[in-house]
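Here's the structure we're looking at; comments come further down.
A, B, ... follow the sequence lines: proteins, then strands. Residue 1 opens every chain.
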Amino acid sequence: MSDSKNIIPTMAEMNAKGESPEILFWVGCAGSFDDRYKSVTKAFVKILNKVGISFAVLGQEESCTGDPARRAGNEFLFQMQAMSNIQVLDGYNVKKIVTACPHCFNTLKNEYPELGGNYEVIHHSTFLQQLIDEGKVKPADGNPFEGEKITYHDSCYLGRSNNVYEAPRRVLEALDVELVEMKRCKTNGLCCGAGGAQMFKDSEPGAKEINVERTEEAIDTGANIIASACPFCLTMLADGVKAKDKESEVKVFDLAELIAKAEDL
Amino acid sequence: MVLAVASYLLARRYKFIKKGISLGKPLDRTDRSSERWRSMFLVAFGQKKMFKNPLPAFLHLFVYAGFLIINLEVLEFIIDGLAGTHRIFAPYLGGFYTVLINFFEFLAVAVLTACVVFLIRRNIIKVPRFHKPEMKKWPTLDANLILFTEIILMMAILKMNAADQVLQAKGAAHYTHTGTLFFSSFFMPFFENFEIGTLIIFERAFWWFHIVGILGFAVYVTYSKHLHIFLAFPNTYFANLNPMGKIANMDSVTNEVKLMLGMPVEGDAATPPAEVGRFGAKDVNDLSWKSLMDSFTCTECGRCTAECPANQTGKKLSPRAIMMATRDRVEDVLTNDKGLENGKSLLNSFISKEEINACTSCNACVEACPVLIDPLSIILELRRYVSMEESGSPAAWNSMFQNIETNFAPWKFAPTDRFNWADDLKN
């Protein structure tokens with residue numbers, strides 16, 4: 001594992017040199033600020049460096065897509081965010097965006113076009129699957145996860161919202177893991193409890209926290225690793241594992257972290 | 001006479017429901033017609049979504065097929081009734097008539113069986129989704145009444161055919177030979193000891209019972225939760241075809257935001273935008289007509305509520321209750337003297353903030369609905385009203401809004417720190 005020798009160009013730097021990258025990596029707020037998710041961001045950047053793809057980030061010019069504002073009902077704030085983001089993206093003539101956040105993915109892909117922002121947007125699970133299909137990422141035999149029992153938690157904004165069910169599973173299969181499904185999976189997947197801006201407030205009174213309900217279901221599969229592809233799901237499930245006092249037996253990882261570890265990055 | 005009364009009542013009710021749906025705001029759902037026909041064919045006619053749960057799906061299919069096909073016989077009933085004939089099609093169809101009526105009898109038995117199983121599921125096994133707080137009193141009685149009525153109507157067909165066959169055997173005049181009708185022949189022993197005259201009364205009584213019953217049922221359906229048998233078709237046709245995660249843009253907001261940002265606005269920017277009315281929805285007339293059609297289409301099966309993560313963990317939110325409350329409010333508006341201005345509104349009087357705030361927008365309810373109802377869009381419109389018109393969102397959300405405005409992230413981090421994650425990678 002080494003943290004050195006990774007290049008992370010910004011759009012501004014590339015633009016100054018008159019270059020334009022093949023893809024923009026949209027890091028997202030969780031990927032930029034959340035201590036846990038920053039490691040996903042770093043893992044993904046290492047993979048991008050390893051395969052040698054031309055990419056850039058917006059750095060300090062990036063800003064919230066507005067997803068939680070829109071879902072909490074504040075359409076004004078959402079559109080303010082969206083329009084200023086579109087100005088930045090169009091200013092750099094961005095064509096293709098990859099992001100590790102299903103909420104950013106959904107908003108950029110489905111909701112920006114109506115405000116004039118048209119980009120090819122793909123989620124990092126699909127991107128990783130493409131790298132695997134193209135043979136650019138080949139988790140070696142004897143990778144640390146071979147034969148491990150892993151369950152995958154579907155993010156609502158990736159699955160039901162955008163029908164991305166197979167790509168994350170194909171990524172896990174490439175690691176030769178034993179993939180076990182929870183009872184509520186794919187179209188019937190149970191939410192982690194964070195969507196619709198719930199991430200940013202306490203839940204309403206009830207009998208149980210949604211993330212505990214979901215974590216119990218994941219633990220019941222007997223998996224040692226819960227794989228996720230969303231920053232909010234990752235937080236909710238990690239909190240759930242903590243609440244169930246299972247931190248030593250069950251780990252929660254993002255797909256990019258698993259691939260980066262398997263590739264010894 | 002009976003037919004005229006039923007037609008009059010149905011027409012009146014049709015107008016009422018149409019008026020209810022028209023309270024909604026315009027929304028264009030006429031694009032992509034081939035996709036729409038396809039979706040209607042698969043989801044409404046083919047019941048594709050029901051098959052997520054095979055047992056109720058098959059039973060429901062029996063009732064549905066029975067309902068559609070047995071009503072062909074009602075056509076004969078109506079012609080017989082108007083022309084004073086008896087089994088007018090029998091002589092023309094000959095042996096095929098026997099096959100046909102036998103098939104109808106098979107369906108009648110299938111419908112009957114399914115309805116009995118449904119009653120058991122509701123009242124004895126007590127499947128949890130039929131026993132949520134919103135399923136008290138009328139909704140539960142309504143469901144049971146519908147099932148009982150269907151059972152009684154099917155029994156009437158079988159007994160009528162049984163009496164008819166006994167009459168045929170006894171050589172009563174006008175009773176055309178139908179051939180052996182398998183299922184109803186089991187009921188023949190009940191009738192064999194009666195005189196022809198009594199039997200004719202029985203047979204006629206069952207006939208009248210069935211025809212009046214069917215027409216009465218048709219009228220009842222329009223007052224009940226059972227409207228889905230008609231509305232499932234338009235409702236699936238006009239359903240949302242976009243990815244579920246996409247929230248439709250509010251163009252009225254776009255114009256204002258563009259003015260604020262000093263961007264060119266389409267049309268004449270010098271003239272202020274037309275009166276936009278309310279942002280979001282406080283009442284049913286702020287929702288789209290499709291949301292209101294959704295509410296009339298809902299048959300209260302509760303698949304949405306059973307899948308809702310908030311409801312499963314004991315929160316007050318139930319997507320079914322959202323749909324029921326919306327319909328209740330529409331009917332309230334249409335039936336009280338003051339209409340919308342009777343001091344009530346959908347938000348607060350019928351749906352509480354606690355309910356709408358609990359939604360994770362996960363779309364499980366939308367995915368679960370067998371007739372493509374979208375409870376989430378109602379919840380979102382209510383949240384929009386609370387946020388933009390009342391600034392009444394939960395305090396934590398108001399802080400989140402403020403963070404986005406000032407720090408460009410939903411958390412309170414300095415925007416200049418946004419790229420710090422890269423520091424230890426670059427070295």
Greatest number of heavy atom pairs closer than 4.5 Å to chain B - which of [options]:
{"options": "A:G28, A:S32, A:G206", "result": "A:S32"}
{"options": "A:S39, A:G31, A:S161", "result": "A:S161"}
{"options": "A:V212, A:N110, A:T10", "result": "A:N110"}
{"options": "A:E62, A:Q81, A:M80", "result": "A:E62"}
{"options": "A:S63, A:C156, A:A207", "result": "A:S63"}

Residue pair [X] / [Y], side-chain heavy-atom distance below 4.5 Å:
{"X": "B:S399", "Y": "A:K201", "result": "no"}
{"X": "B:R418", "Y": "A:V27", "result": "no"}
{"X": "A:N74", "Y": "B:R383", "result": "no"}
{"X": "A:R160", "Y": "B:C362", "result": "yes"}

Which portion of [X] sits near chain A, non-hydrogen atoms under 4.5 angstrom:
{"X": "B:P394", "value": "side chain"}
{"X": "B:T416", "value": "both"}
{"X": "B:V253", "value": "both"}
{"X": "B:L261", "value": "side chain"}
{"X": "B:A414", "value": "backbone"}
{"X": "B:M400", "value": "side chain"}

Smallest separation among heavy atoms of [X] and [Y], with atom names:
{"X": "A:E114", "Y": "B:I247", "result": "OE1-O, 4.2 Å"}
{"X": "A:C29", "Y": "B:F408", "result": "SG-O, 4.0 Å"}
{"X": "B:L425", "Y": "A:K42", "result": "CD1-CG, 3.6 Å"}
{"X": "B:T360", "Y": "A:G193", "result": "CG2-O, 3.9 Å"}
{"X": "A:P68", "Y": "B:I404", "result": "CG-CD1, 4.1 Å"}
{"X": "B:K315", "Y": "A:K208", "result": "NZ-O, 2.6 Å"}

Does [Y] offer a backbone N or O that forms a donor-acceptor pair with the side chain of [X] under 3.5 Å?
{"X": "B:W397", "Y": "A:A72", "result": "no"}
{"X": "A:E75", "Y": "B:S387", "result": "no"}
{"X": "B:S361", "Y": "A:G196", "result": "yes"}

query: Do the ring centers of A:F33 and B:W421 come within less than 6.0 Å of each other?
result: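 Not close enough - the centres of the two rings lie 6.0 Å or further apart.
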message: Is it true that A:R184 and B:Q312 share a donor-acceptor pair across their side chains at a distance under 3.5 Å?
response: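 A:R184 and B:Q312 do have a side-chain donor-acceptor pair below 3.5 Å.
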message: Assess, by modelled atom type and distance only, whether the side chains of B:N249 and A:Q79 contain a donor and an acceptor separated by less than 3.5 Å.
response: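 A pair is found: one side chain offers a donor N or O, the other an acceptor, under 3.5 Å apart.
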message: Regarding B:K316 and A:E204, does a basic nitrogen lie under 4.0 Å from an acidic carboxylate oxygen?
response: no
A:A82, part contacting chain B, at a heavy-atom distance under 4.5 Å: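 Looking at A:A82, nothing touches chain B.
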- prompt: Could you give the distance from SG (A:C64) to CD (B:E405), rounded to the nearest 0.5 Å?
  reply: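 Answer rounded to 0.5 Å: 11.5 Å.
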